[in-house]
Amino acid sequence: MSMTFIEDNDQTRARREHLAAITALVGNAYPNKFACSRVVNPDREDTITAIVKKFLPLAPQAAEEGARPAPEEIERANAMLNPLTVRVCGRLAVPPRVMGKAAFVHLSDGVSRLQIYVRRDDATARHTDGREADGWELLQLLDHGDFVGAEGFLFVTKTGELSVHVRELTFLAKALLPMPDKMHGISDPEIGRRQRYADLIAGSLKIDHSDGELTTREVFARRSKLITELRRFLDEHDYVEVETPMLSPIATGAVAKPFKTHHNALDIDLYARVAPELYLKRLVVGGFERVYELNRNFRNEGLSARHNPEFTMLEFYCAYMDAVGMMDFCEVMLRATIERVNGATHVRFGGHAFDFGRAFERLTMRQAVAKYWPLQFREMGGERFDDGWLLDALRVRQLVAFLDEQKQGPMGATAGAGYSSAAEDTLKANFALADAWQRAGAAAVDNGAPADAEETARHIARLFEEVAEPHLTQPIFITNFPKPISPLAKASPVDPSIAERFELYIAGMEVANGFSELNDPAEQYERFAEQGRARERGDEEAMQMDEDYLRALAYGMPPAAGIGIGVDRLVMLLTNRHSIRDVILFPHMRPQRPAENHAAE
RNA sequence: GGGCCGUUAGCUCAGUCGGUAGAGCAACUGGCUUUUAACCAGUGGGUCGCAGGUUCGAGUCCCGCACGGCUCACCA
């Protein structure tokens, strides 16, 4: 038998030899079950975590750090603990500490650890055929990471640690591979993400947690808690959870490139959904006035610290509500769930501190661009930046062209050469700026084609992304998106050029996106048609016409607001992880190239 | 694709000016019946990512390649 996944070295050889010796000693080294005691709760078997939680408070405390508790206090604790016989099981969290004729080992259940104490003169083991075997002999064969069951009585040691004095040891499963370093854990993030099991083990076995960061286990426990709380909040507000297709004949509902697959029996291509949006709105048509789905979306785009090809989105719709109402609701929901998950509305994320208890700022997209337009470019060619320019298509063109040029060169002459004085530098810089501004203006006019609404919309979105987005650290709603880039959103009743759409930004990340839903089938048809024209011009991400959806709208959809919340990014914020790959258990990674091929034989 | 950084024992990492390959942990042997990053004594373990060059001599300097990380561009 060749097990190429187990490297052959002195470490693995020792473990295999131990396994053979264990088999000789106790028979089946992989028994099917182990029944634990029911000391903590007669209705369920004890876990290490349950035992520790229940009995740790009985262990005496030392008067000061590093000192041992008073002997009489230990005696008092043992008088209560010794009559309690427990059966517990778990993974060896450390290599056994053998001291001649006695040994200490910690067992872990993945969350907590409990020490067991094995003595040569009173430890037995159980052979799978029922015979008694030598427990001390079995202990000698245990490796860091093995699974064992232990029966014995509770006590506290001289140092005050709650422990189990083992009477019978049962072998449960072998770790044939060495455990991650007990002090350093897994240092290579690559291995941590590819082998999440090893990462989780490392977190539960690591001795020093002094860095104050959450363990991997804790990150995903918090993720689970967040998802529970989001569901609870929506359930309490009369939302109904549904599941809509992951595979559909057309990928629509968001501006994104889809994954394509094929259904053999039907002989049709299907797409992994990029958003459940249009299905959920069909349900609003059908009478689900409050409906949500919390599930995966798939987008065939680049990977980054903030992008995984599949990601979890919470999407929900509320009839008779508009975008403003949805922002209010979203804010209340985040405040409530974050408080329940983290125990406070305060969140620390890298060097930033957020207080979700405070009202979120709200700015229109144009206001955001105007607010964050760089100070050094407020004066250009004798003209003063005015946010009214953002209403003027040619001005918008000029701003984009100007920004492009500034991004290209290293600010032209503004870098300033060797010996020139500060005044000279400023003068040169002003000239260069005026020049650039003029060139941008000329380019805007020369562009030829009359500026159409869609081009202006894209330009404003670009200006927003370049100029404002990096500054959006504290939670902020950006509102009033240009209509042409929002094909499913309803126009504002006061300004038909903008959509009643918003995005929530936190720590520079887009965390949520919502709007007043377009429910006029005729207008929706026109918007799809515009998208179709963009598609023909080569925009792969443009949305496809969905005729069934239009038919649904034709049956009548009540006014409604909807929102999509990026759950992974929210988890990042709540766990202080700066890569989305750290909050997804098995993130997609580039396939591993065989750089080393020692496993060949 | 561009820029920067990395690759040394099973793991985490040192390695000075170019001169015999190092530590801690882990493994193995022995000692130790309340330890806790247990301790003490000893043993084994290396194609220094790969390939070429310079040199009397390369883990170290030079060139190329592979693998990986961070970052920029693209993107929710």
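All chains are named by letter (A, B, ...) in the order of the sequence lines, taking the proteins before the strands, and each is independently numbered beginning at 1.
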Checklist entry - Would you call Arg196(A) and Asp199(A) a salt bridge, using N to O less than 4.0 angstrom? => result yes
Next on the checklist: For a quick test of reading the model: is some side-chain N or O of Arg97(A) closer than 4.0 Å to OP1 or OP2 of rU35(B)?
Outcome noted: no
Checklist outcome for this item: Ordered by number, residues from residues 293-301 of chain A within less than 4.0 Å of RNA chain B (heavy atoms) are Arg299(A), Glu301(A)
Checklist entry - Please give, in whole Å, the distance from rA9(B) P to Arg13(A) CZ? => result 16 Å
Next on the checklist: Taking any heavy-atom pair under 4.0 Å as a contact, classify Arg120(A): base, sugar-phosphate, or nothing.
Outcome noted: nothing
Checklist entry - To the nearest angstrom, how far is Glu469(A) atom CD from rC75(B) atom P? => result 11 Å
Checklist entry - So, Asp546(A) and Thr252(A): side-chain donor and acceptor under 3.5 Å apart, yes or no? => result no
Next on the checklist: Tell me which nucleotide, if any, is Watson-Crick or G-U wobble paired with rA66(B) when both distances must be under 3.5 Å.
Outcome noted: rU7(B)
Checklist entry - Is the Phe155(A)-Tyr117(A) ring centre distance short of 6.0 angstrom? => result yes
Checklist entry - When we call it a touch if two heavy atoms are under 4.0 Å apart, what does Asn308(A) touch: a base, just sugar-phosphate, or nothing? => result base
Next on the checklist: Students often get this wrong, so: under 4.0 angstrom with heavy atoms, is Val98(A) touching a base, only sugar-phosphate, or nothing?
Outcome noted: base
Next on the checklist: Under 4.0 Å, heavy atoms only, any strand: does Glu161(A) hit a base, just the sugar-phosphate, or nothing?
Outcome noted: base
Item to check | d(CG, Asp199(A); C1', rC11(B)) in whole Å | outcome: 15 Å
Checklist entry - Is there a side-chain polar atom (N or O) of His18(A) under 4.0 Å from OP1 or OP2 of rC28(B)? => result yes
Checklist entry - What integer number of Å spans the C1' atoms of rA38(B) and rU33(B)? => result 14 Å
Item to check | Interatomic distance where CD1 belongs to Ile478(A) and P belongs to rA76(B) [whole Å] | outcome: 16 Å
Show the distances under 3.5 angstrom between N or O atoms of the protein and N or O atoms of nucleotides 22-26 of chain B.
unit_1  : atom_1 : unit_2    : atom_2 : d
rA26(B) : OP1    : Lys182(A) : NZ     : 3.2
rA26(B) : O2'    : Gln11(A)  : OE1    : 2.9
rA26(B) : N3     : Gln11(A)  : NE2    : 2.9

Checklist outcome for this item: Test ring pair (Phe, Tyr, Trp, His ring centres under 6.0 Å), reference Phe360(A), set Phe502(A), Tyr505(A), Phe477(A), output is Phe477(A)
Checklist outcome for this item: Rounded to whole Å, the CD-P distance (Gln115(A) to rA37(B)) equals 11 Å
